[in-house]
Amino acid sequence: MRKIIYTLFASAALLAPVSCSQSRLEIEQKGVTAYENFYKTDDDALSALTYAYAAMAKNITNTSSNQIPFLAITNLCGDDMLAGGNYYGDNDFDAALNEFRYDNQVDPIVKAYQQFYYANYAANLVIDNFGGDKADSQIKKRCVAEARVLRAFYHMNLAIYWGCPPLVDHILPGDAKPYNCDRDPVNPMTHEQLLEWCAKECEEAADDLNERANPKDENGAIVVTKGFAYGIAGKAYLFAGDYDKAKVALKKVITSGKYELVPGERLNDCFHAVGDGNEEKIFELNAIVNSSISDQTFYARSRGYTVRMWNWRTDKMEKRPTIDGIDGWGICAPTQSFTKAMVENDGLDSWRLKSTIINVEDVMGKYQGGGIKDITGLYGAHEWMSFKIIPRPEDIYKKGSQTNFVFMRYAEVLLMYAEACAMTNDKDGLQYLNMIQNRAGSKHVSTALNLDEVKKEKMFELWAEGCRWADMVRWGDFDGVLNAGKNIPSLYDSKWTNEPSETRFYVKYSNPNTQETGFKKGKHELFPYPEYEITTNPNIVQNPGW
């Protein structure tokens with residue numbers, strides 16, 4: 001696949017005009033296109049769209065404060081993930097999410113909220129300047145359509161995680177103070193209506209979008225296409241509780257013939273550079289090796305910090321395992337309840353289990369990690385470790401990741417469709433649920449379609465892909481997080497600790513938190529609006545419990 005890079009920091013000509021003194025306006029600027037002369041041609045539209053994709057890369061998938069806020073808020077509150085680190089207190093901004101002891105100033109929540117709107121601004125630049133009567137060519141129409149889907153994606157996430165955030169569907173003046181969408185004096189929308197707005201935006205945009213040529217079309221996975229538009233429309237309808245409309249949108253992706261599940265033996269490739277643009281990818285942001293930029297710049301732009309943060313703490317091992325591409329900080333690990341459930345459901349020989357988690361015995365023996373030499377152990381870890389997102393040696397370049405950032409796989413579409421069918425007593429969804437299970441090589445294959453069956457498959461199939469917490473909130477399933485922050489495991493090696501143990505690798509538990517932790521009903525279903533938003537905009541009403 002030919003890699004395409006979005007220029008992240010060279011788009012000043014695309015910014016909306018700002019107020020300046022007349023004397024400064026009169027200073028001739030070399031090599032700069034005047035704002036009023038820019039938004040005209042097809043090439044201008046393509047440049048503006050490139051900036052919109054670059055803004056997505058810079059804000060949604062780029063590193064901020066040593067982590068990617070989007071990944072943090074979508075993954076770390078679930079009952080299937082532990083936020084570990086070197087010790088208690090390390091990586092505390094992520095651990096605060098994981099243990100439900102965060103406030104409205106914690107970095108991932110603050111940054112994620114900001115970044116959705118920053119990226120949304122770039123999409124609005126395309127739509128405001130090339131939409132409507134200005135869309136006088138098919139290229140401009142397509143650029144506007146792609147930007148509309150990106151804008152809908154941002155608002156869908158804002159709605160899922162904040163409830164009724166402001167709807168910003170045009171460029172706002174600098175002094176604007178938008179309202180929560182349900183309090184807007186002109187066009188009030190409930191939470192569900194905002195999600196429906198996102199879905200309709202995608203459906204309306206779809207007519208002007210390109211379609212992926214076929215399942216082997218790698219370039220068709222790195223731009224917004226009809227498939228991604230209908231995938232987002234279906235997801236927004238699903239979260240709004242309109243299951244019939246969700247089925248219609250999602251079935252269009254399924255019947256398009258443009259996507260396929262990869263075979264089970266290639267499942268883990270979906271999360272590594274070798275799987276970029278494969279037949280299962282509906283939309284992912286492209287990564288590229290660029291030898292002209294510095295190591296540190298590539299590291300920051302290519303999720304380098306997150307590659308380290310969510311990888312094993314290999315500095316505490318006798319040597320780095322051969323399957324691992326970079327020394328990590330030990331932040332992300334599956335919970336014991338998740339691994340127990342997955343082993344029971346899938347069996348030890350399933351492709352999916354072997355693509356998702358790995359036993360410490362294999363890490364240290366089969367892949368030559370040796371052992372855990374640090375007598376303080378691996379904090380926030382246990383006998384089953386993460387495997388799906390561990391960077392392979394070939395994924396790493398300049399200590400960053402050259403793996404594409406995946407936003408939606410075909411597997412998620414099939415599972416969302418199965419759920420919508422389960423909620424409407426439609427047997428059509430069973431075949432797609434079985435398709436996921438058979439590809440997984442799971443020992444459990446459903447004979448009937450119901451919500452409980454779908455819930456389990458979504459948990460196992462989409463681990464660490466930003467789905468679990470949003471689903472838990474939607475379903476009201478909070479039992480697994482009521483005691484978050486308590487009985488935190490650490491993994492030890494008796495060879496180095498000299499403690500008697502039935503097995504070489506063993507787990508001990510600690511309770512280092514002195515403050516209150518765990519999910520609180522009526523509070524943690526939604527994130528709080530950041531403090532800066534509340535203090536600077538009197539029209540924003542804080543979410544319940546905060």
Say whether, by atom type as modelled, one donor and one acceptor occur between the side chain of [X] and the main chain of [Y] under 3.5 angstrom.
X      : Y      : answer
Asn537 : Glu533 : no
Thr190 : Gln193 : yes
Asp217 : Gly220 : yes
Asp80  : Met459 : no
Asp208 : Arg142 : no
Asn180 : Pro165 : no
Asn278 : Glu280 : yes
Asn210 : Thr225 : no
Asn124 : Val168 : yes
Asp128 : Ile171 : yes

Ionic contact status for [Y] with [X], cut-off 4.0 Å:
X      : Y      : value
Asp428 : Lys251 : yes
Lys247 : Asp426 : yes
Asp471 : Lys455 : no
Glu419 : Arg474 : yes
Glu465 : Arg409 : yes
Arg266 : Glu279 : yes
Glu412 : Lys235 : yes
Glu284 : Lys281 : yes
Glu457 : Arg352 : yes

Side-chain touch [X]/[Y], heavy atoms, less than 4.5 angstrom:
X      : Y      : result
Tyr237 : Lys200 : yes
Phe70  : Thr61  : no
Ile109 : Pro528 : yes
Leu150 : Tyr53  : yes
Phe519 : Glu525 : yes
Tyr161 : Leu526 : no
Val541 : Tyr179 : no
Val413 : Tyr432 : no

With rounding to the nearest 0.5 Å, note down the distance linking [atom1] in [X] to [atom2] in [Y].
X      : Y      : atom1 : atom2 : value
Ile139 : Asp42  : CD1   : CG    : 4.0 Å
Cys164 : Asn543 : SG    : CG    : 8.0 Å
Trp475 : Asp452 : CH2   : CG    : 9.5 Å
Ser337 : Met342 : OG    : CE    : 13.0 Å
Asp44  : Leu49  : CG    : CG    : 12.5 Å
Leu433 : Tyr417 : CG    : OH    : 12.5 Å

**Request:** Could you please spell out the steps behind the side-chain contact (heavy atoms from CB on, under 4.5 Å) verdict for Leu414 and Tyr410?
**Result:** CA-CA 6 Å; Leu414 296 180; Tyr410 187 47; 3.7 Å; yes

**Message:** Let's go through Tyr118 and Tyr154 carefully: what are the C-alpha distance in whole Å and the side-chain angles of both, what is the deciding distance for side-chain contact (heavy atoms from CB on, under 4.5 Å) to 0.1 Å, and is it a yes or a no?
**Reply:** CA-CA 10 Å; Tyr118 290 159; Tyr154 305 141; over 6 Å; no

Between [X] and [Y], which heavy-atom pair has the shortest distance, and what is it?
X      : Y      : answer
Ala484 : Asn98  : CB-O, 3.5 Å
Ser386 : Cys332 : OG-O, 3.5 Å
Asp276 : Thr403 : OD1-CG2, 3.9 Å
Tyr532 : Thr536 : O-OG1, 2.6 Å
Ala112 : Ile73  : CB-CD1, 3.8 Å
Ser401 : Val307 : CB-CG2, 3.3 Å

**Request:** Apply side-chain hydrogen bond (donor to acceptor under 3.5 Å, both in side chains) to the pair Thr517 and Lys486, showing each step before the final yes or no.
**Result:** CA-CA 8 Å; Thr517 63; Lys486 299 178 177 65; 3.3 Å; yes

Quick check, are the ring centers of [X] and [Y] under 6.0 angstrom apart?
X      : Y      : result
Trp469 : Phe527 : no
Phe405 : Phe407 : yes
Tyr39  : Phe130 : yes
Tyr121 : Tyr117 : no
His155 : Phe116 : no

[X] [atom1]: over 12 foreign heavy atoms closer than 6.0 Å:
X      : atom1 : value
Glu516 : CD    : no
Lys520 : NZ    : yes
Phe478 : CZ    : yes

**Message:** Under the criterion side-chain contact (heavy atoms from CB on, under 4.5 Å), I'd like the reasoning laid out for Tyr529 against Asn104: C-alpha separation, chi angles, the key distance, then a yes or no.
**Reply:** CA-CA 6 Å; Tyr529 291 99; Asn104 68 344; over 6 Å; no

**Item:** Evaluation steps, side-chain contact (heavy atoms from CB on, under 4.5 Å), between Ser446 and Asn434
**Value:** CA-CA 6 Å; Ser446 304; Asn434 290 161; 4.0 Å; yes

**Prompt:** Hey, which of Arg439, Lys456, Gln437 is the one that makes side chain to side chain donor-acceptor pair (under 3.5 Å) with Glu461?
**Reply:** Arg439

**Request:** For the pair Tyr102 and Trp546, evaluate ring-ring contact (aromatic ring centres under 6.0 Å, His included) and give the outcome as yes or no after the intermediate values.
**Result:** CA-CA 11 Å; Tyr102 56 85; Trp546 297 99; 5.4 Å; yes

**Request:** Decide salt bridge (Lys or Arg N to Asp or Glu O under 4.0 Å) for Arg148 and Glu201; before the verdict, give the C-alpha distance in whole Å, the side-chain angles of both, and the deciding distance to 0.1 Å.
**Result:** CA-CA 6 Å; Arg148 288 179 73 181; Glu201 279 285 294; 2.9 Å; yes

